[in-house]
**Q** 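Dropping a structure here in structure tokens format, bear with me for questions.
Proteins come first, then strands; the chains are lettered A, B, ... in the order of their sequence lines, and each starts at number 1.
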2 protein chains.
Amino acid sequence: MQWWKAILLVLGLAALFSLGIILGHFAIPKADQPEATVPISPIQDLDQEMLETVMGQLAASRIQENLRELSLKPHLATTLRDDYLVQLLLQRWQSPDSGLDAAGQGVYEVLLSFPSQEQPNTVRVVSPGGATLFSAQQSEANLTGEQGDPEVVQPYAAYAPAGTPQGPLVYANRGTESDYAYLKEQGIDLNGTIALTRYGGVGRGAKAVNGAKHGVAGLLVYTDPRDINDNLRFPNETFPNSWALPPSGVERGSYFEYFGDPLTPYFPATPSAFRLESDNIQGFPPIPTQPIGFEDAQVLLCNLGGSIAPDSWQGALGCDYRLGSVFLDNGTFPRDSLVNVTVHNRLELRNSSNVLGIIRGAVEPDRYILYGNHRDSWVHGAVDPSSGTAVLLEITRVLGTLVKKGMWRPRRSIVFASWGAEEFGLIGSTEFTEEFFTKLQERAVTYINVDIAVFANATLRVQGTPPVQSVVFSAAKQVSAPGKSNLTVYDNWLQYSNRSSPAHGLIPRLGSLGAGSDYAAFVHFLGITSMDIAYTYDRTKTSARIYPTYHTAFDTFQYVEKFLDPGFTSHHAVAQTVSNILLRLSDSLLLPFNVSDYSETLWSFLQAAQDSLGPGLEQQGISLGPLVSAVERFDRAAVALDGHIQTLKNTSDPLKVRMVNDQLMLVERAFLNTWAFPEEYYYSHVLWGPRTSQVVTFPGLADAYDEALGTPNDPSAWAKVRKQLSIAVMAVEGAAATLEPVDAF
Amino acid sequence: MQWWKAILLVLGLAALFSLGIILGHFAIPKADQPEATVPISPIQDLDQEMLETVMGQLAASRIQENLRELSLKPHLATTLRDDYLVQLLLQRWQSPDSGLDAAGQGVYEVLLSFPSQEQPNTVRVVSPGGATLFSAQQSEANLTGEQGDPEVVQPYAAYAPAGTPQGPLVYANRGTESDYAYLKEQGIDLNGTIALTRYGGVGRGAKAVNGAKHGVAGLLVYTDPRDINDNLRFPNETFPNSWALPPSGVERGSYFEYFGDPLTPYFPATPSAFRLESDNIQGFPPIPTQPIGFEDAQVLLCNLGGSIAPDSWQGALGCDYRLGSVFLDNGTFPRDSLVNVTVHNRLELRNSSNVLGIIRGAVEPDRYILYGNHRDSWVHGAVDPSSGTAVLLEITRVLGTLVKKGMWRPRRSIVFASWGAEEFGLIGSTEFTEEFFTKLQERAVTYINVDIAVFANATLRVQGTPPVQSVVFSAAKQVSAPGKSNLTVYDNWLQYSNRSSPAHGLIPRLGSLGAGSDYAAFVHFLGITSMDIAYTYDRTKTSARIYPTYHTAFDTFQYVEKFLDPGFTSHHAVAQTVSNILLRLSDSLLLPFNVSDYSETLWSFLQAAQDSLGPGLEQQGISLGPLVSAVERFDRAAVALDGHIQTLKNTSDPLKVRMVNDQLMLVERAFLNTWAFPEEYYYSHVLWGPRTSQVVTFPGLADAYDEALGTPNDPSAWAKVRKQLSIAVMAVEGAAATLEPVDAF
């Protein structure tokens, strides 16, 4: 062998050997080896580079593909396709490649409501002689193919009772208490009538409850083009030609007035759980109810006679709306025709699943950052809820991969959730809070909800309790606004919705949390600091109540791709914002909650109470003084805690950090009072409970005050006001005590 | 100057200088210097030597002197002497020499009940003509001087309404529901009668509530020598000649059926708190009521006619007890004489104080070991409650001194409490739990109650929730039994009261917590692991219901010194036991709670339910299966956690320790269910709530079952049983979830 051959051979062997090593290292999965782990110090803080890495790996195209799969078929709660998606989520989260530490399924046996497949619900105009003159459509027009899927559920009002009321038709605007009262004032006898109402103004169920009080026998609900379509109503101007609702589109929905499984309030709906007798169920609509599209509503409403309805009751169906209860003399139907509403809905006990996935925290596994969305839809649900789930799956992919590669593990545990049966009344999430009540009360740092991720592509919209403001702002400042690469999500938001804060100057406006999605039980029942995140409308361009195809068979993948978020840039921005928030909450040494932002809320609640209730209270000898003292005490405690936190920035004592974080985590819990809203299920948060008063202050106080004004000579009504004031004072004092130095009593 | 003089001068100056240094160091208090501190590592464990030091420094003589001072004068809640003792406690705990880090006063404005000083309550026998034939004594005989103190309150039934009922006398035994029913069965018309009852059997208030239901107009209550004196009744055999109750002694007491300030349930009774209208107060006795001594009771009862009472109703007054409602034909009073009960009690809003002292924890100041007792008495209250307070003050002295000297500081914070107005219904402690609800719920590890420290000098008696068993046993094994130096408190206890435990073999028996002292709100309302500690009777030697001078003017320092605990050795043993427990709880790295001992309780509750309720439930189609599964799950979780704790014995990670301790601390909270006892205030602990059933199992379940048996065909009664079963299952499952690995859902 020549010397150069020997050299070549040696070099060649060496190269081969090296290649082998390289291949062995990179190409062969190390099945039996423990996954690489990142050593994490107990005082390690959030890693800004990791934040960039995560946000950089989120791909709009993957969100798009997730959405395509998720919205391929109708997936109403507990149907076959819903079960299929449960399996899909389990596969993604349980796969050894996923990087999640565990995933599983929580099944609850819950009471749902479905229309009959054999006997569809009908809405008919019937002549005085009994002949059917007109029948409303039983399904939406098949405009893009999806609407023809046999799995599309007939539009219906979930939990409305079966029945066949027939009577004169009246138009009752939005079905509020004052709408029905107005009809009565106009001399219309509502007993035995069918009331036609439009969506909006009050909740679905309230339209039925209010009507039934006045003797209304059956309820119809439709979506007026004025409220949803910026007045568009013709096929050529609606979907699939624009984002607007087609004439046949019908908003489905739950008419249940409370949330959680209706049979098992305060119990997780396990098979053996105590269930109410059906007579004892609270909050179901009392009368047969059916939603219809505006095409059918137009036939009814534009033929309706009687007095002309007030201006504010008019809509965009192209005719004068009249009150009824007779049809127009010159119209399509004889004057004394009646409307027949036939509802065959039935209640069924069904197994509904939550899917949970977890990435275990490296340092504080017993502190949970929860992030979830529901999975069930009314039909294909591309926007509601699959836009949120598409984002959720992309975030779990990116975070899981980093865990799998050993590049990252959060300080605290992250729990991902796909809730079942939200559309029927936030059922899956509520049952979860019941099952894990104590565990969550002890350990949950926050709940992040992303239901509809993208309503529209104009601006970020966040609802939450005040402590989340700071972390949301920090995240929003690090994400580029979709379609406006020179602007951050934060700066863009600031342009669309802002307020002047005494502490921070001009800042984006954070909304407060009602009960519109799965955060409800977390914030109201458990007192967990919560937020709800989405991209939403430019309100200068549309006055639509919500995106027009909401809860219809037109809420499809194509709808999203073509009209709501072409290129999925808004979905991408939401994913980046949410993942940034998630990491800040899971990885920051000190929780990024600013409790002083709660002081600002309390001062504004106090100011509103002083301005709007103060003089009336004074007349009754009720002083707001104790509330002033309580708010001052909270403020002082928050400022002092902020100061204490500053001293911990460079601490090496993980217990000191934990103690302060516990204060930050638990202050929200301190605002709970189980006895604050005795007529409601679950609501315990003294600041964010339900409020009908217009005064933005402590809801129990505001409502009790309104009620007492109605019966000013009833001492028991003013006693209720006093009691609610005490509840408010006690909550604020208790929260202050949580923030004060831990060794102070 | 000669050279030796110079040397002497130098030496002298040096000596003087040295002396100055020595004097300066030892004799001048270092007022401005920071106190010495012990460096404490975050993983430091309990120091056994410190345990010995603390126990060794506790002095029986100091407890004795504390008691002498505390019981010198009557100190009924909110009287001048009670205020004086508030100041005494504040001085002891706030003094710079005390070593406590802080002490202060919490004042609540609460509703108390007092007799009128101007118009004493009276009990008279009145002839048919209206003449007074006999008057019961208005005060106790002045046998030892203390009874003559003008501050001795007239015996009365607190919260009994004012009124002057007059009617035939009946004897109603213990005033239970079945006692009154028996009288009716005997043909006695109870309407308008005065019922004479004896203490025992049921609570004070229940005697009045039960009687009023049957039309009884006024109630008398006395203490029978059979129940309190082992039948002794003559002056020469009673105090001051023995520990027995003198004939004139009267047990005062609260007849309020609930606890906490009656006007402010669920609110701390701050001046501005919401207060119920007096018509809405729940739980006051409905009829005028007055307690009397057995000397007076004898006059009434031994002259009473009618049928002879059953054997079990007879007592030791030396005559046959008859039912009434007439007097004996040959007795002191005409047959148709009536009894007049005149009560002038009045309700008053008073300021009652708690005194709190704190030693700040060095490592986990936000974890609280609470240790308290009430301060208010009925009269001098040497036993009740000053025996407990005398021990409390000695323990704070010893611990404070160690802190002051820089020799010790606990890992966790220790909070000492002297509660106000306990005798009226655990008022001070309950208001405290209301004011600091969230703070305590989040952070309180345990509450230790020592009310009456020494009932008698035979044996330790501990009541508590199961997790305290292990720490109490550990402590009791390190203390010598008083008067039996070769025996530990543990071994002595084992001889007096024991049981066979599946896990531990023969062990002392731990009692469960009712609502007899200030632990009630802590365990039932807040779910805080609690215990109550005392030294008590040899039950082979006495059958006294309680120590004989309980709540009388004979409960004096002399009584304790002479009869209950000569030499104060039992007080000393209680102090040693409690301080040992206190240090174990404050200083152990891992909390010394054994949750597996809760499994044992759950298994026994389950067994009792299966044995006593199982067949009846099965007939109704109600399965205990879910409860079996829940208990099995709890058991598995407890065993697994025990295993995990073993792996942490040598850990260097303080966060891992904190996480496990949080599980141990919070498992008790998990047994709470606010909706478990809807007819009760405060009671939320599903295992230890009130129970009237004889079956020792989940109280809500047992009582609902009993109720349903009474109305077996009422489906709603069986629905209540089902609901209570679900509440039990949910509580046990929730507690199991708290013990399971923190990243499991």
**Q** Just how far is it from atom CD of B/E740 to atom NZ of A/K439, taken to the nearest 0.5 Å?
**A**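 Taking CD in B/E740 and NZ in A/K439, the distance rounds to 5.5 Å.
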**Q** Rounded to the nearest 0.5 Å, how far does CG of B/L666 lie from CG of A/D366?
**A** 10.0 Å
**Q** Based on non-hydrogen pairs under 4.5 Å, which of A/P365, A/S623, A/A273 is most in contact with chain B?
**A** A/P365
**Q** Measuring heavy-atom distances to chain A, does B/I622 have an atom under 4.5 Å in its side chain, in its backbone, in both, or in neither?
**A** neither
**Q** Measure across B/L655 and A/P654 and return the closest heavy-atom pair with its distance rounded to 0.1 Å.
**A** CD1-CB, 3.8 Å
**Q** Checking heavy atoms, do the side chain of A/V415, its backbone, both or neither come under 4.5 Å from chain B?
**A**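 Contact with chain B: side chain only.
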**Q** Roughly how far, to the nearest 0.5 Å, is CZ of A/R367 from CG of B/D662?
**A**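 That separation rounds to 6.0 Å.
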**Q** Pick one of side chain, backbone, both or neither for B/N280, based on which atoms fall under 4.5 Å of a heavy atom in chain A.
**A**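 Interface part for B/N280: neither.
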**Q** With distance as the sole test, does A/R443 use its side chain to make a donor-acceptor pair with the main-chain N or O of B/T738 at under 3.5 Å?
**A** yes
**Q** Considering only heavy atoms and a distance below 4.5 Å, find which of B/M730, B/E442, B/R722 pairs most often with chain A.
**A**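 The residue among B/M730, B/E442, B/R722 with the greatest pair count is B/E442.
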**Q** Using 30° and 60° as the class limits, which term best fits the ring planes of B/F436 and A/F745: parallel, tilted or perpendicular?
**A** perpendicular
**Q** Return the option, out of B/A670, B/P42, B/P626, B/A102, with the maximum number of heavy-atom pairs under 4.5 Å with chain A.
**A**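 Of B/A670, B/P42, B/P626, B/A102, B/A670 has the most heavy-atom pairs under 4.5 Å with chain A.
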**Q** Report which part of A/S272 has an atom under 4.5 Å of a heavy atom belonging to chain B: side chain, backbone, both, or neither.
**A**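 Looking at A/S272, backbone and side chain both touch chain B.
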**Q** Of the backbone (N, CA, C, O) and the side chain (C-beta and beyond), which part of A/E277 lies under 4.5 Å from a heavy atom of chain B, both, or neither?
**A** neither
**Q** Look up atom CZ in B/R669 and atom CD in A/Q441, then write down how far apart they are to the nearest 0.5 Å.
**A** 9.5 Å
**Q** Mind ranking B/R360, B/R658, B/E435 by heavy-atom pairs under 4.5 Å with chain A and telling me who comes out on top?
**A**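 Answer, by heavy-atom pair count under 4.5 Å with chain A: B/R658.
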**Q** Can you tell me which portion of B/R275 sits under 4.5 Å from chain A's heavy atoms? Options are side chain, backbone, both or neither.
**A**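 Neither the backbone nor the side chain of B/R275 comes within 4.5 Å of chain A.
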**Q** Could you tell me whether the side chain of B/F437 reaches within less than 4.5 Å of the side chain of A/L672, counting heavy atoms only?
**A** no
**Q** Let me know if A/P741 has heavy atoms under 4.5 Å from chain B in its side chain, its backbone, both or neither.
**A**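 It is the backbone, since no side chain atom gets that close.
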**Q** Looking at B/D743 and A/I358, what are the two nearest heavy atoms and their distance?
**A**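 Taking B/D743 first and A/I358 second, the nearest heavy atoms are O-CD1, 3.4 Å.
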**Q** Is there a side-chain contact between B/F671 and A/T438 in this structure, where contact means two heavy atoms from C-beta onward sitting under 4.5 Å apart?
**A**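 Sidechains of A/T438 and B/F671: no contact.
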**Q** Non-hydrogen atoms of chain B under 4.5 Å away: do they reach the side chain of A/I414, the backbone, both or neither?
**A** neither
**Q** Give the minimum heavy-atom separation between A/A719 and B/F274, together with the two atoms involved.
**A** O-CE1, 3.1 Å
**Q** Going by the angle between their ring planes, with limits at 30° and 60°, are B/Y266 and A/W675 parallel, tilted or perpendicular?
**A** parallel
**Q** Between B/I727 and chain A, with a heavy-atom cut-off of 4.5 Å, which part of the residue counts as in contact: side chain, backbone, both or neither?
**A** both
**Q** With chain B, which of A/T270, A/I359, A/L276, A/V363 has the greatest number of heavy-atom pairs at distances under 4.5 Å?
**A**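 Highest number of heavy-atom pairs under 4.5 Å: A/V363.
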**Q** B/T674, B/V729, B/L356: which one forms the most heavy-atom pairs within less than 4.5 Å of chain A?
**A** B/T674
